[in-house]
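Heavy atoms only: backbone and side chains are in, while hydrogens, waters and symmetry mates are out. Throughout, numbering of the chain's residues begins at 1 and tracks the sequence. Atoms within each ligand, like the ligands themselves, are counted from 1 in listed order.
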Amino acid sequence: MLTVRTCIIAVLGVSAGLFSTPARALQAEGGPQRAVLVTGASSGIGRCTAELLASEGFFVYAGARSEADLAELNAIENVQAVRLDVTSPDEIAAAVETVRAGGRGLYGLINNAGVAVIAPLIELREEDLEFQFDVNVFGPYRVTKAFAPLLIESKGQVLTTGSISGFVVWGFGGPYTMSKHAVEAFTDALATELVPFGVRVSVLEPGNYRSEIMSNMRQRMLDRGYTAEGSLYKDRLTGLLKMPVDRAQYKEPDEVAQTFLRALTDEHPKRRYMVVPSPDEAQITIQSVLARLVELNDGQPYTFSRDELVGMLDDALGAGPR
Ligand SMILES: NC(=O)c1ccc[n+]([C@@H]2O[C@H](COP(=O)([O-])OP(=O)(O)OC[C@H]3O[C@@H](n4cnc5c(N)ncnc54)[C@H](OP(=O)(O)O)[C@@H]3O)[C@@H](O)[C@H]2O)c1
């Protein structure tokens, strides 16, 4: 049964042939059905991506945690739900066994499960920072490590849901943006290490899309007793705890799902795929990267001139994406 969380594209676009891709062709030519594991497939980006890939003919192992979510995912064609909490080594080990037993190998791993912890750094409890990193950083690390032998066997792909928050930083977003910055380094180091084995590594950098992430964030803050009372940031925290968190103002994450499909079917997958709903979000992200470049260059013995920086940019553009 498909629920209200079902992304629009999986219902309308793909079956109408609007987004035909080489994935279908590959399978139509008699190649094996490629298997992909999506962590955090119960809602938001993961759910939308699992549905899209399944409708495109991939076999999707969809990671989820609750019985209700597992049952819902199991009801979708080409989807096998897998109980998978990315903080649980036992569940990760069991998921590897399930995938091995499936006999399809594993072509793609999508490290998507994630949470947001949003609070002022000087008032944040250390255990909450640990929780943020446990899911968003140690999660992809643990799952990738466990599935690496299968991915190397298939010369497959590792994709992680990063964020423009891997580049853009905002007040009270310290824990979340720190975790997404770590995902950037994780991706680059892993890519270098897996190149010799033919495994490609990419990170998707979504902007703001509709999902459960902020309502889960606020509920968690309230459950853990965060309150504006006594805070140095009383007014702003009051606003944060009261703001609408349904993200109704944002688009469904269909284009993020499409970008995962693109990354899985590109002949030469890019290292980074930014996917944002508006030019503003693209601009903010690129400007953040440029601002850091300028800060890094400024006021040190080997500062490069404007012309030299422009020359470096031209060289980088000429070299093309990695
Ligand atoms: N939405 C955006 O605007 C946006 C933008 C940039 C990046 N992202 C990233 O996109 C990814 C998906 O988030 P979303 O926005 O789609 O939010 P979401 O709707 O809240 O989905 C998060 C998913 O992660 C799962 N999850 C949470 N903790 C987990 C754990 N310990 N083990 C396994 N799964 C766990 C959730 O499962 P349960 O239902 O069981 O909790 C859910 O399936 C995250 O990495 C997020 O940082 C989102």
Side-chain angles (χ1 to χ4, degrees), residues 3-7 37-52 61-73 81-92 94-95 110-118 130-143 146 159-168 170 173 175-184 186-187 203-220 223 245-257 259-260 272-278 281 284-285:
T3 69
V4 285
R5 286 177 293 179
T6 299
C7 59
L37 169 66
V38 182
T39 69
S42 67
S43 64
I45 289 171
R47 175 66 181 259
C48 195
T49 301
E51 288 179 7
L52 177 63
Y61 293 104
R65 299 189 295 172
S66 79
E67 287 300 338
D69 289 328
L70 290 161
E72 239 177 54
L73 288 162
V82 178
R83 181 179 302 283
L84 184 51
D85 183 323
V86 300
T87 67
S88 163
D90 288 349
E91 288 192 11
I92 294 170
I110 299 185
N111 288 309
N112 169 74
V115 292
V117 175
I118 295 178
E130 282 169 2
F131 168 73
Q132 175 72 91
F133 273 69
D134 202 13
V135 180
N136 289 19
V137 182
F138 283 81
Y141 152 75
R142 288 186 194 102
V143 176
L159 303 133
T160 302
T161 311
S163 170
I164 59 172
S165 295
F167 306 91
V168 179
W170 28 280
Y176 184 69
T177 58
M178 286 162 68
S179 77
K180 290 300 181 183
H181 277 61
V183 163
E184 297 302 315
F186 167 76
T187 299
V203 53
L204 264 69
E205 323 287 12
N208 283 289
Y209 291 91
R210 200 175 300 171
S211 77
E212 306 299 319
I213 196 160
M214 294 309 268
S215 53
N216 289 337
M217 177 281 296
R218 182 165 67 191
Q219 193 54 51
R220 201 176 308 110
D223 291 349
V245 284
D246 62 2
R247 294 175 80 74
Q249 73 273 36
Y250 297 121
K251 291 158 80 174
E252 293 289 347
D254 304 302
E255 51 209 38
V256 185
T259 307
F260 273 117
R272 290 184 167 74
Y273 292 85
M274 180 163 71
V275 48
V276 292
S278 72
E281 291 194 22
I284 289 166
T285 309

Quiz prompt | Arg142 with Asp85: basic N within carboxylate O range, under 4.0 Å | solution =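 Salt bridge between Arg142 and Asp85, a charged N being under 4.0 Å from a carboxylate O: no.
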
Exercise. Answer yes or no: is there an ion pair linking Arg47 with Glu51, defined by an N-O contact shorter than 4.0 Å?
Key: yes

Quiz item: Is it true that Gly162 lies under 4.0 Å from ligand 1, counting heavy atoms only?
Solution: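 Yes; Gly162 lies near enough to ligand 1 that a heavy-atom distance drops under 4.0 Å.
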
Quiz item: Heavy-atom contact under 4.0 Å between Ser215 and ligand 1?
Solution: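 No, that is not the case, since the closest heavy atom of the residue is not under 4.0 Å from the ligand.
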
Check [X] against ligand 1 and report side chain, backbone, both or neither, counting heavy atoms closer than 4.0 Å.
X	result
Arg247	side chain
Tyr250	neither
Arg47	neither
Leu84	backbone
Ala41	backbone
Asp85	both

Quiz item: Which residue, Val168, Val276, Ile164, forms the side chain to side chain contact (heavy atoms under 4.5 Å, CB included) with Ile284?
Solution: Val168

For [Y], does its backbone N or O pair with a side-chain atom of [X] as donor and acceptor, under 3.5 Å?
X	Y	result
Asn112	Gly40	yes
Arg247	Tyr209	yes
Glu184	Gly166	no

Please list, in number order, the atoms of ligand 1 under 4.0 Å from a heavy atom of [X].
X	answer
Ser42	36 (C), 37 (O), 38 (P), 39 (O), 42 (C), 43 (O)
Gly114	22 (C), 24 (O), 27 (C), 44 (C), 45 (O)
Asn216	20 (O)
Gly44	16 (O), 19 (O)
Thr161	9 (C), 10 (O), 11 (C), 45 (O)

Quiz item: Going by heavy atoms in the side chains, are Thr285 and Glu205 under 4.5 Å from each other?
Solution: no

State whether the shortest distance between N or O atoms of [X] and N or O atoms of ligand 1 falls below 3.5 angstrom.
X	value
Thr87	no
Val115	no
Pro206	no
Ser43	yes
Tyr209	yes
Gly46	no
Asn208	no
Val86	yes

Practice problem: Dump the intermediate steps for side-chain contact (heavy atoms from CB on, under 4.5 Å) on Arg83 and Glu67, then the final yes or no. | Solution: CA-CA 9 Å; Arg83 181 179 302 283; Glu67 287 300 338; 2.4 Å; yes

Practice problem: Check step by step if side-chain contact (heavy atoms from CB on, under 4.5 Å) holds for Val137 and Phe186. | Solution: CA-CA 8 Å; Val137 182; Phe186 167 76; 5.8 Å; no

Quiz prompt | Closest approach of Asn136 to Ser179 (non-hydrogen atoms, all atoms of both residues) | solution = ND2-OG, 3.1 Å

Practice problem: Search all heavy atoms of Asp254 against all heavy atoms of Cys48 and return the closest pair with its distance. | Solution: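 Reported closest heavy-atom pair: OD1-SG, 3.5 Å.
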
Quiz item: Does any donor atom in the side chain of Ser88 or Asp90 lie under 3.5 Å from an acceptor atom in the other side chain?
Solution: no

Practice problem: Please work out which of Ser165, Pro253, Ser211 has its closest non-hydrogen atom nearest to atom 14 (P) of ligand 1. | Solution: Ser211

Exercise. Check step by step if side-chain contact (heavy atoms from CB on, under 4.5 Å) holds for Trp170 and Ser165.
Key: CA-CA 8 Å; Trp170 28 280; Ser165 295; 3.4 Å; yes

